[in-house]
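Below is one structure. I have some questions about it.
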Amino acid sequence: MKYGMDDYEAAIRPVKRQLFEELAAKLQRRSPAVVSDGSGSPAGPSRVLEVGIGTGPNFPFFTAALAGVATGSAGEASGADSAAAGPAQIPAPTQIQIQLVGLDPNPEMLRFARESAAQAGVRLASGLPGGDAAGGDAGTTPAQSGAGSALEVAGLVEGDVGSLPFADGEFDAAVCTLVLCSVPSQAAALAELRRVVRPGGSLLLIEHVAAGPERLLMRLAQSVLTPLQRALADGCCLNRDTGRAVAEAGWDAREGGALRRFDLEGMSILAPHVAGVLPRA
Ligand SMILES: C[S@@+](CC[C@H](N)C(=O)[O-])C[C@H]1O[C@@H](n2cnc3c(N)ncnc32)[C@H](O)[C@@H]1O
């Protein structure tokens, strides 16, 4: 994952850039202080959970989006959302803070994620949950770096998205990129994400999916190749209808609305994707 995803990351970069900007803009708008008095000084950091954080490829997108919020450019790409909110509700540019908790069942991934955070200049909280005592991040010492960053990694937790060790509504948003292809139960994962995200919160989702029914050959190829892909790629399935599962789990995933379906150029049978920043319905 750390060294073999360069082509994928290059292809998905514009999508990620836009969606993380959209998420940052939503978090800024929903900040209690911004809503209540418009003073531009949020009461506290937004809490975001990233499940299946892997090696941490999304840190640079968080930091770039937060920088965009600070300059007032974040969310400009999300035309529909901005139009719905109306110009009067968009506050003046302010800095927002995000406390991020990363979760992954694989402790090796968490070790790489910690390194990626430091490389991206992201602040790492001392005494991280899931650290040495819990065995989630053994062998590393909490470090302080990127102290000026608006993003702090508050925890790197070893765990399963199907059974999250967090309270109801604990997070303002969740991030899930390329995870639902390999979880044992999409329904359980999506229900847990909905439980821990507060009402009115968001899910940033990017997943490769099964081709639509109109592309029979592609669907067939994805089904035939899935057993091999599962064996080679840590349980990854090529033939899941993730868009439908997300909608059934209570996220606003209407295609043509918050959820976009598109082909990622050059990605062959991994090309069909769904992505969006989905409101918690
Ligand atoms: C293809 S990687 C994607 C990593 C990263 N999100 C990205 O976009 O590159 C899938 C990740 O999901 C994690 N994962 C697999 N099963 C999981 C589960 N049940 N709960 C949480 N994460 C899981 C894997 O350990 C891996 O880090």
Side-chain angles (χ1 to χ4, degrees), residues 1-20 23 48-62 64-65 100-117 119-120 122 129-130 134-137 153 155-166 171 173-197 203-209 226 228-240 242 245-246 249 264 267 269-277:
M1 289 297 300
K2 175 75 176 170
Y3 304 108
M5 294 289 283
D6 289 355
D7 288 350
Y8 180 85
E9 285 298 326
I12 199 74
R13 186 170 297 132
V15 177
K16 283 195 175 181
R17 192 180 297 136
Q18 180 185 340
L19 293 184
F20 278 88
L23 179 65
V48 177
L49 171 67
E50 179 165 0
V51 294
I53 192 168
T55 60
N58 294 330
F59 289 123
F61 295 97
F62 272 111
L100 179 77
V101 175
L103 176 133
D104 204 286
N106 184 338
E108 282 302 300
M109 292 288 191
L110 294 175
R111 188 173 63 77
F112 277 112
R114 182 187 286 266
E115 282 176 19
S116 299
Q119 280 162 14
V122 172
D137 216 5
V153 176
L156 288 171
V157 180
E158 198 177 325
D160 174 3
V161 65
S163 174
L164 290 171
F166 306 111
F171 295 95
V175 171
C176 181
T177 64
L178 302 187
V179 179
L180 296 177
C181 55
S182 58
V183 295
S185 163
Q186 290 193 327
L190 288 159
E192 275 294 85
L193 286 167
R194 190 170 186 279
R195 180 182 67 76
V196 301
V197 170
L203 172 64
L204 188 161
L205 181 87
I206 301 175
E207 296 286 342
H208 68 82
V209 297
T226 283
L228 181 64
Q229 174 79 358
R230 287 189 74 169
L232 295 178
D234 204 12
C236 169
C237 299
L238 300 166
N239 57 353
R240 290 188 166 179
T242 305
V246 173
L264 200 56
M267 288 296 121
I269 52 168
L270 276 177
H273 269 62
V274 291
V277 179

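Note that ligands are numbered from 1 as they come in the structure, with each ligand's atoms numbered from 1 the same way. Residue numbers start at 1 and run along the sequence shown.
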Query - Closest protein heavy atom (residue, atom, distance) for atom 20 (N) of ligand 1 - result: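 Closest protein heavy atom to atom 20 (N) of ligand 1: V161 N, 2.9 Å.
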Query raised in the report: So, E9 and R13, do they make that salt bridge, N to O below 4.0 Å?
Result: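 Salt bridge between E9 and R13, a charged N being under 4.0 Å from a carboxylate O: no.
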Query - Atom indices of ligand 1, in the order listed, that fall short of 4.0 Å to a heavy atom of G54 - result: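 Per the distance check, 4 (C), 27 (O).
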**Report entry** Trace of the side-chain contact (heavy atoms from CB on, under 4.5 Å) decision for V183 with R240
**Finding:** CA-CA 11 Å; V183 295; R240 290 188 166 179; 4.0 Å; yes
Query raised in the report: With respect to V175, which candidate in V51, L23, L49, L193 satisfies the side-chain contact (heavy atoms from CB on, under 4.5 Å) definition?
Result: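 Of the listed options, the one satisfying the test is L23.
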Query raised in the report: Can P57 be said to touch ligand 1, with heavy atoms closer than 4.0 Å?
Result: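 The answer is yes, since P57 has a heavy atom less than 4.0 Å from ligand 1.
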Report task. Looking only at protein heavy atoms, identify the closest one to atom 22 (N) of ligand 1 and say how far it is in Å. Result ->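 The protein heavy atom lying closest is P105 CD, 3.1 Å.
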Query raised in the report: Which residue and non-hydrogen atom of the protein lie closest to atom 15 (C) of ligand 1, and at what distance in Å?
Result: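 In this structure, atom 15 (C) of ligand 1 has S182 OG, 3.8 Å as its nearest protein heavy atom.
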Query raised in the report: Roughly how far apart are C236 SG and L228 CG, rounded to 0.5 Å?
Result: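 Answer rounded to 0.5 Å: 11.0 Å.
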Query raised in the report: S116 side chain to T55 main-chain N or O, any donor-acceptor pair under 3.5 Å?
Result: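 Judged by distance alone, yes, a pair lies under 3.5 Å.
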Report task. Without swapping roles, check the side chain of D104 against the backbone of G54 for a donor-acceptor pair under 3.5 Å. Result ->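 Side chain of D104 to backbone of G54, a donor-acceptor pair under 3.5 Å: yes, one is there.
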Query raised in the report: Which residue supplies the protein heavy atom nearest to atom 12 (O) of ligand 1, what is that atom called, and how far is it?
Result: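 Answer, as residue, atom name and distance: G52 CA, 3.7 Å.
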Requested in this report: Name the closest protein heavy atom to atom 19 (N) of ligand 1, giving the residue it belongs to and the distance to 0.1 Å.
Outcome: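 Atom 19 (N) of ligand 1 sits closest to the protein heavy atom D160 OD1, 2.8 Å.
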Report task. Tell me which protein heavy atom sits closest to atom 8 (O) of ligand 1, plus the residue, atom name and distance to 0.1 Å. Result ->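 Answer for atom 8 (O) of ligand 1: T177 OG1, 2.6 Å.
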Query raised in the report: Which residue supplies the protein heavy atom nearest to atom 10 (C) of ligand 1, what is that atom called, and how far is it?
Result: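 So the nearest neighbour among protein heavy atoms is L178 O, 3.2 Å.
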Query raised in the report: To the nearest 0.1 Å, how far is atom 2 (S) of ligand 1 from its closest protein heavy atom, and which atom is that?
Result: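 Its nearest protein heavy-atom neighbour is M1 CE, 3.4 Å.
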Report task. Count the heavy atoms belonging to other residues, nucleotides or ligands that lie under 6.0 Å from CZ of R195, then report whether that count exceeds 12. Result ->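 Buried by this count: over 12 neighbours within 6.0 Å.
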Query raised in the report: With distance as the sole test, does E207 use its side chain to make a donor-acceptor pair with the main-chain N or O of L180 at under 3.5 Å?
Result: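 At least one qualifying donor-acceptor pair exists.
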Query raised in the report: Under 4.0 Å from ligand 1, counting heavy atoms only, is it the side chain of T55, its backbone, both or neither?
Result: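 Near ligand 1, T55 shows nothing, with every heavy atom at 4.0 Å or more.
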**Report entry** Contact with ligand 1 for D104, non-hydrogen, under 4.0 angstrom
**Finding:**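 Under 4.0 Å: yes for D104.
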